[in-house]
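In what follows, a single structure is set out as structure tokens and then discussed.
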Amino acid sequence: MSDVFVTRSLEEIRFWSRIMKEHAFFLRLGFRAEDTQLIAEANQFQAIFEDIERRSHAFSMDTDPQTIREFNTEVQNAATHIWAFKRRILGLILQCKLPGGNNFPLLVDHVSREANYFRNRLDELNRGKLEPLQDAIIDENLFFLKIMADHAKFIGHLLDPSERKLVDQAREFSLEFDQLVFQAIDLSSMRPQSQTVPLLSQFVDENKVSVKSLRDFKKTASDLIDQCRIKSIIHPLLADHVFREAERFLIILDMFDQSLSGHKVNKREILI
């Protein structure tokens, strides 16, 4: 199982370290010019996770598991620190101590939830205590469905109000994913009785359809932003960022679907 541990660890770090690096960049863009200390901290976190991402690609699947375990611990510590930074920013915003900034409170909470997810995953990997499949299906969907709902809200608020059709589409996705979150909460509260293969399969299938639609919407929006064909204040990197997260969720859903169908999943491809 050591090869599976190494594969999963490196895959998580390569994906999420890039996400953390970009979070630091986005937060920095939202600070006021006078927030020099926060800007400096954001720059430092961007550099830290850029270095982690670079170093993660220097390892191979044949790397000694103990080396990866130590790397996981180092990265988990960095993720914990950026999580604390994000929560501190959220507190400042909610206490009206950063008036005029451009970071939505929900966005800061959103990125802190992702940092918490990342550090918890590394801890689980190091302890060798990943969730059983049935629990992972519900909990991963709870996490990612809320992330997708947030993305739709951010897109709707960052598009220019004159882009009425796209704003309406974003609002519709927001409502759709809010409903899916509530369904996931209900399924979770019915555990363990709700953890039957038919119910979980239907749950995964429904979510796949919605996530694919949102993924395609994000891709279209990203392309239009790159081509300067729509009016918005969305940074091109942010558009690509949310698209990649939807792609990742779809990969996870596909793996859940294969597992529930009894198909053998390549251990080197497993994310959960």
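This one's a predicted model, so the numbers in the text were calculated from it and none came from an experiment.
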Between [X] and [Y], does at least one N-O distance fall below 4.0 Å, as a salt bridge requires?
X: Asp51; Y: Arg55; value: yes
X: Glu53; Y: Lys21; value: yes
X: Lys153; Y: Asp178; value: yes
X: Arg171; Y: Asp168; value: yes
X: Arg88; Y: Glu41; value: yes
X: Glu11; Y: Arg14; value: no
X: Asp109; Y: Arg87; value: yes
X: Arg191; Y: Asp135; value: yes

Can you find a pair of side-chain heavy atoms, one from [X] and one from [Y], that are under 4.5 Å apart?
X: Arg8; Y: Leu130; answer: yes
X: Gln179; Y: Leu175; answer: no
X: Arg244; Y: Arg18; answer: yes
X: Leu200; Y: Ile138; answer: yes
X: Glu245; Y: Glu114; answer: yes
X: Asn103; Y: Phe31; answer: yes
X: Asp123; Y: Arg119; answer: no
X: Ser232; Y: Asp160; answer: no

Is the distance between the ring centroids of [Y] and [X] under 6.0 Å?
X: Phe49; Y: Trp16; result: no
X: Phe104; Y: His110; result: no
X: His241; Y: His235; result: no

Which pair of heavy atoms, one from [X] and one from [Y], lies closest together, and at what distance?
X: Val181; Y: Lys146; result: CG2-N, 3.7 Å
X: Asn141; Y: Ile137; result: ND2-O, 2.6 Å
X: Ala24; Y: Gln46; result: CB-N, 3.6 Å
X: Ala239; Y: Ile225; result: CB-CD1, 3.9 Å
X: Pro105; Y: Leu90; result: O-CD1, 3.4 Å
X: Phe256; Y: Val204; result: CB-CG2, 4.2 Å

Once you round to the nearest 0.5 Å, how far does [atom1] of [X] lie from [atom2] of [Y]?
X: Leu260; Y: Gln202; atom1: CG; atom2: CD; value: 12.0 Å
X: Ser222; Y: Ile234; atom1: OG; atom2: CD1; value: 9.5 Å
X: Met148; Y: Leu214; atom1: CE; atom2: CG; value: 6.5 Å
X: Lys218; Y: Leu238; atom1: NZ; atom2: CG; value: 9.5 Å
X: Ser210; Y: Leu180; atom1: OG; atom2: CG; value: 4.5 Å

Going only through I, L, V, M, F, W and Y residues with side-chain contacts under 4.5 Å, is there a path from [X] to [Y]?
X: Phe15; Y: Trp83; value: no
X: Leu29; Y: Ile233; value: yes
X: Leu253; Y: Leu199; value: no
X: Met190; Y: Leu133; value: no

- Please indicate whether Gln44 has more than 12 foreign heavy atoms, meaning atoms of other residues, nucleotides or ligands, lying under 6.0 Å from its CD. no
- Task: Evaluate whether atom CZ of Arg164 has more than 12 neighbouring non-hydrogen atoms of other residues, nucleotides or ligands under 6.0 angstrom away.
- Result: no
- Query: Cation-pi between Arg113 and Phe143: NZ/CZ under 6.0 Å from ring centre and within 45° of the ring axis?
  - Reply: no
- Within 45° cone of Phe243 ring axis and under 6.0 Å: Lys219 NZ or CZ: yes
- Message: Under 3.5 Å, is there a donor on one side chain and an acceptor on the other for Tyr117 and Glu12?
- Response: no
- Gln76 backbone acceptor or donor facing Thr80 side chain under 3.5 Å: yes
- Does any N or O in the side chain of Ser9 come within less than 3.5 Å of the main-chain N or O of Phe5, such that one atom is a donor and the other an acceptor? yes
- Applying salt bridge (charged side-chain N to carboxylate O under 4.0 Å, His left out), name anything that partners Asp254, two or more places apart in sequence or on another chain. Lys208
- Query: Excluding sequence neighbours, so at least two apart, what forms salt bridge (charged side-chain N to carboxylate O under 4.0 Å, His left out) with Glu163?
  - Reply: Lys231
- CA sep, side-chain torsions, deciding dist, call: Glu74, Arg69, salt bridge (charged side-chain N to carboxylate O under 4.0 Å, His left out): CA-CA 9 Å; Glu74 177 190 343; Arg69 189 168 286 106; over 6 Å; no
- Determine which pairs satisfy ring-ring contact (aromatic ring centres under 6.0 Å, His included) with at least one residue from residues 199-226, sequence neighbours left out, and list them in order. Phe173-Phe217
- Residue from Leu145, Leu250, Asp257 passing side chain to side chain contact (heavy atoms under 4.5 Å, CB included) with Asn207: Leu145
